Amino acid sequence: MYRTHTCGELRLSDSGKKITLAGWVQKTRDFGGMTFVDLRDRYGITQLVFNMETNPDLCRQARSLGREYVVKATGTVAERSNKNPNLPTGDIEILTEILELLNPAELPPFTIEEHSDGGDEIRMKYRYLDLRRPPLQRNLALRHRMAQEIRKYLDTKGFLEIETPVMIKSTPEGARDFVVPSRMNPGQFYALPQSPQMFKQLLMVSGYDRYMQIVKCFRDEDLRADRQPEFTQIDCEMAFVEQDDVLNLFEGLAKHLFHETLGYEFNEPFIRMPFDEAMNSYGSDKPDLRFGMKIIPLKSGKSQQEIIRPTTGFPVFDEAEYIGTLLAEKCAGYTRKQVDELTEFVRKPQIGAKGLVYVRYQEDGTIKSSVDKFFDATALQTWAEVAGAKPGDLLLILAGNSAPTLKALGELRLEMGRRLNLLDKNRFVPLWAIDFPLLEWDDETQRFYAMHHPFTAPKPSDIPLLDTNPGQVHANAYDLVINGVEIGGGSIRIHDSKLQAKMFEILGFTQEQAEYRFGFLMNAFRYGAPPHGGIAFGFDRWVSLFAGLNSIRDTIAFPKNNMGRDVMQDSPAEIDEEQLKELNIRVDHKNPGA
RNA sequence: GGUCGUGUAGUUCAGUUUGGUUAGAAUGCCGGCCUGUCACGCCGGAGGUCGCGGGUUCGAGUCCCGUCGCGACCGCCA
């Protein structure tokens, strides 16, 4: 028997028990006359004690242990004379009688403790060592807990977990596919699913009216801190439901998860915010509602609003399609340097604003701005009033074309939120973003693309617009957003094969193309498809949000870096000529000799 | 495809702005001492292809060119 207990469970009440522990040596503290060894497993740390007087041989053996040696120790639980209040097992120690070395260890390249001294790069290379650290173990345990609670909750709601294939047919829309060659079908390829979208809709046709799956999905696109080439979705679909049914049920799931894993309660229903409002007030379709600071329009063609009048000789404003401002409360005291930093921030190519106009509503009631040359005090006063500014506040104004300016204001709003410390990691403000546009126009290819995916149902009242003004059609689509993070999204689907055919037509598919790619789905819809809809959540993101992480990498046991490489395995890698031959594949390197 | 940051001891970093003696610190590691530590302490020691290649120079960690790795972001991600 290797152990009778774990390293995290023994307490004062176990005193006198003869026990055996097994684990890794975290640290030895050698005092000459006596030696302490911290023994670690994933449950905790227990101190072993060795005394030169009682057993010199054993004590010398303990001294020789190195970090991360795997050992087994048998002894008696005893109360410590010096207790350690920082350790759950700190009231006791093990008077060790037998010490068995199960396996020595090479010196690890970084310290394996709560806070390692190693950087990201080396910890990724030795991921199996990093995973020994408590923070990683907590993250993976949280992930496990959440997966269990998701299955538990959805099971009580009658969902069946059904697996769908991983090798499927490539679809042209959306992200790039990862592709798998077929040896038995030379020249032909499977694709890995970007999501089980069509399969879950087919399951609805097949009568499995509540489906769920925690499933890997694959997208061959450039990566970010919150994007991996393979990631996990909580994929769900329901038949005979309307949008409200879906939102209500999965709001229940979200509340269940918050309650069970964080003990966090919501007493109010989640806010439901139309896409247009999110864009106009927050410059984002995933607003962070942990703080206010809404965007206030000062000039907007759409709303006929024109607080800022022309005739000023200030072309930046005169020529702007849109002018908007943020009210930064109590920031009138910002120094020149701070304002310059903000200007620099909005001028970064990623943000793309040309410049930043500020208006200080000073404590003494006077107003100062960077455009005093062009506007008199009365004009500035009007802006301040519209923005609801009080003495001591600062207005930050951007101008330009509507969409990019709103987006830039949204980024500036988040930057101010960070600077003013308004982003509390322990507070969660969810919302449902609803009423998304069905289609997005792409200038480059001169065609519409589905904003969600091509199976999303238009709002029934907007269907006539499909012929006259497709860009104006709204969809029965929705996103769950928490703290500015898109946690999940879904839609009510088209279940009518004629309407689906029309969608493909609007998206520029010929009938043949649609038939080739989606024929099986359209066929299925002819045999009695129920009205249905669903949602999919980014499981990795949800875990990282709950764990308070900025990256999803540490919610995944073996993640890839931002080039899609596994630096531990060193994958992807070349394969043997023999393998290629079998697959009828010839590699045409862009850079010969690579 | 683009922007920005970064690469120096096992590890985390300083040194690079302004080229100049033997490249430092902390931590880890090794040896010695130490009977109540738990960030143990004290004494001693080892440890460097300054990412790689080229160039400028009497002289390059430092300047220039190229290249590679890592990270963040924009584009992209239905």
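We name chains A, B, ... by the order of the sequence lines, and we start the count at 1 in each one. Computation of the quantities below employed the complete heavy-atom set of this structure, encompassing side-chain atoms and omitting hydrogens, waters and symmetry-equivalent molecules. None of the values given here were measured: they were computed from a predicted structure.
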Does anything in residues 21-36 of chain A reach RNA chain B, meaning a heavy atom under 4.0 Å, and if so which residues?
A:Lys27, A:Arg29, A:Asp30, A:Phe31, A:Gly32, A:Gly33, A:Met34, A:Phe36
For B:A14 versus B:C33, give the span between their P atoms, rounded off to a whole number of Å.
38 Å
Between B:G28 and B:C13, how many Å separate the two C1' atoms, rounded to a whole number?
14 Å
Could you tell me whether A:Phe250 and A:Phe537 have their ring centroids closer than 6.0 angstrom?
yes
Check if the side chain of A:Arg565 and the base of B:C70 share a donor-acceptor pair of N or O atoms closer than 3.5 Å.
no
Distance between C1' atoms of B:C40 and B:C4 (Å, rounded):
44 Å
Within 45° of the six-membered ring axis of A:Tyr516 and under 6.0 Å from that ring's centre, is NZ or CZ of A:Lys169 located there?
yes
How is A:Thr456 classified with respect to the nucleic acid when contacts are heavy atoms under 4.0 Å: base, sugar-phosphate, or nothing?
nothing
Please examine the side chains of A:Met124 and A:Asn561, heavy atoms only from C-beta on, and report whether any two atoms are closer than 4.5 Å.
no
Is there a Watson-Crick or G-U wobble partner for B:C76 with both distances under 3.5 Å, and if so, which one is it?
none
For A:Asp442 and A:Thr445, test the side chains for any donor-to-acceptor distance below 3.5 angstrom and give the result as yes or no.
yes
Take atom P in B:G59 and the same atom in B:C68, then report the distance between them in whole Å.
29 Å
In whole angstrom, give the distance that lies between atom CG of A:Leu58 and atom C1' of B:U35.
16 Å
Just the rounded figure in Å: distance from P of B:C74 to CD1 of A:Ile351.
8 Å
With RNA chain B as reference, determine whether A:Asp38 or A:Gly119 sits nearer its 5' end, using the nearest nucleotide of each.
A:Gly119
Do we see a donor-acceptor contact under 3.5 Å between the side chains of A:Glu97 and A:Thr76?
yes
Using heavy-atom distances to pick each residue's nearest nucleotide on RNA chain B, tell me which of A:Arg553 and A:Pro108 is more 5'.
A:Pro108
So which nucleotide does B:U12 pair with, by the Watson-Crick or G-U wobble rule with both distances under 3.5 Å?
B:A25
Figure out the CD/C1' separation between A:Glu93 and B:C40, and round it to whole Å.
15 Å
Strictly by modelled atom types, are A:Tyr282 and A:Asp288 linked by a side-chain donor-acceptor pair under 3.5 Å?
no
Considering only atom P, compute the distance from B:G24 to B:G47 and round it to an integer number of Å.
13 Å
Side chain of A:Asn562, heavy atoms from C-beta onward: which of B:A72, B:U3, B:U37 has the nearest atom to it?
B:A72
State, without any angle test, whether A:Gln47 and A:Thr89 hold a side-chain donor-acceptor pair at a distance under 3.5 Å.
no
Please determine, by modelled atom types, if A:Asn139 and A:Thr555 share a side-chain donor-acceptor pair under 3.5 angstrom.
no
Using only heavy-atom distances, determine whether the side chains of A:Thr35 and A:Asp30 contain a donor-acceptor pair under 3.5 Å.
yes
Interatomic distance, A:Leu87 CG vs B:C40 P [rounded to whole Å]
12 Å
Just jot down the side-chain contact (heavy atoms from CB on, under 4.5 Å) partners of A:Ala501, sequence neighbours excluded, or say none.
A:Met522
So, the side chain of A:Gln228 versus the backbone of A:Lys560: is there a donor-acceptor pair under 3.5 Å, distance only?
yes
Dump every N/O contact between nucleotides 75-77 of chain B and the protein below 3.5 Å, one line per pair.
residue : atom : partner  : partner atom : Å
B:G75   : OP1  : A:Lys407 : NZ           : 3.1
B:G75   : N7   : A:Arg224 : NH2          : 2.8
B:G75   : O6   : A:Arg224 : NH1          : 3.1
B:G75   : O6   : A:Arg224 : NH2          : 3.3
B:G75   : N1   : A:Asp222 : OD2          : 2.7
B:G75   : N2   : A:Asp222 : OD2          : 3.4
B:C76   : O2'  : A:Glu221 : OE1          : 2.6
B:C76   : O2   : A:Arg227 : NH2          : 3.2
B:C76   : N3   : A:Arg227 : NH1          : 3.3
B:C76   : N3   : A:Arg227 : NH2          : 2.8
B:C76   : N4   : A:Arg224 : NH2          : 3.4
B:C76   : N4   : A:Arg227 : NH1          : 3.2
B:C77   : O2   : A:Arg227 : NE           : 3.3
B:C77   : O2   : A:Arg227 : NH1          : 2.9
B:C77   : N3   : A:Arg227 : NH1          : 3.0

Sugar-phosphate only, base, or nothing, as touched by A:Asp120 at under 4.0 Å among non-hydrogen atoms:
nothing
Between A:His532 and the options A:Gln201, A:His495, A:Arg493, A:Lys200, the side-chain hydrogen bond (donor to acceptor under 3.5 Å, both in side chains) test singles out A:Gln201
Considering only atom P, compute the distance from B:C63 to B:U6 and round it to an integer number of Å.
12 Å
Pairs satisfying salt bridge (Lys or Arg N to Asp or Glu O under 4.0 Å), at least one member in residues 36-50 of chain A, at least two apart:
A:Arg3-A:Asp41, A:Arg29-A:Asp38, A:Arg40-A:Glu68
Which nucleotide wins on minimum distance to the side chain of A:Met563, given the candidates B:G28, B:C70, B:C38?
B:C70
Just the rounded figure in Å: distance from C1' of B:G28 to CG of A:Leu129.
15 Å
Does A:Ile122 reach a base, just sugar-phosphate, or nothing at all? Heavy atoms under 4.0 Å.
sugar-phosphate
Nucleotide B:A39, atom P - distance to CZ of A:Arg67 in whole Å
16 Å
Reckon A:Pro109 touches a base, only the sugar-phosphate, or nothing at all at heavy-atom distances under 4.0 Å?
sugar-phosphate
Using a cut-off of strictly less than 4.0 Å, decide whether A:Asn84 has a side-chain nitrogen or oxygen near OP1 or OP2 of B:U37.
no
In whole Å, what separates the P atom of B:G51 from that of B:A9?
8 Å
What residues, two or more places apart in sequence or in another chain, satisfy side-chain contact (heavy atoms from CB on, under 4.5 Å) together with A:Asn103?
A:Val70
What's A:Arg123 touching, base or sugar-phosphate or nothing? Going by heavy atoms closer than 4.0 Å.
nothing
For B:G66, the nucleotide meeting Watson-Crick or G-U wobble distances (both under 3.5 Å) is B:C52
When both hydrogen-bonding distances must be under 3.5 Å and the geometry is Watson-Crick or G-U wobble, what is B:C4 paired with, if anything?
B:G71
Nucleotide B:U11, atom C1' - distance to NZ of A:Lys125 in whole Å
14 Å
In whole Å, what is the span from the CD atom of A:Glu341 to the P atom of B:C4?
19 Å
Please state the C1' separation for the pair B:U16 and B:A72 - nearest whole angstrom.
23 Å
Within residues 46-55 of chain A, residues whose heavy atoms come under 4.0 Å of RNA chain B
A:Gln47, A:Asn51, A:Glu53
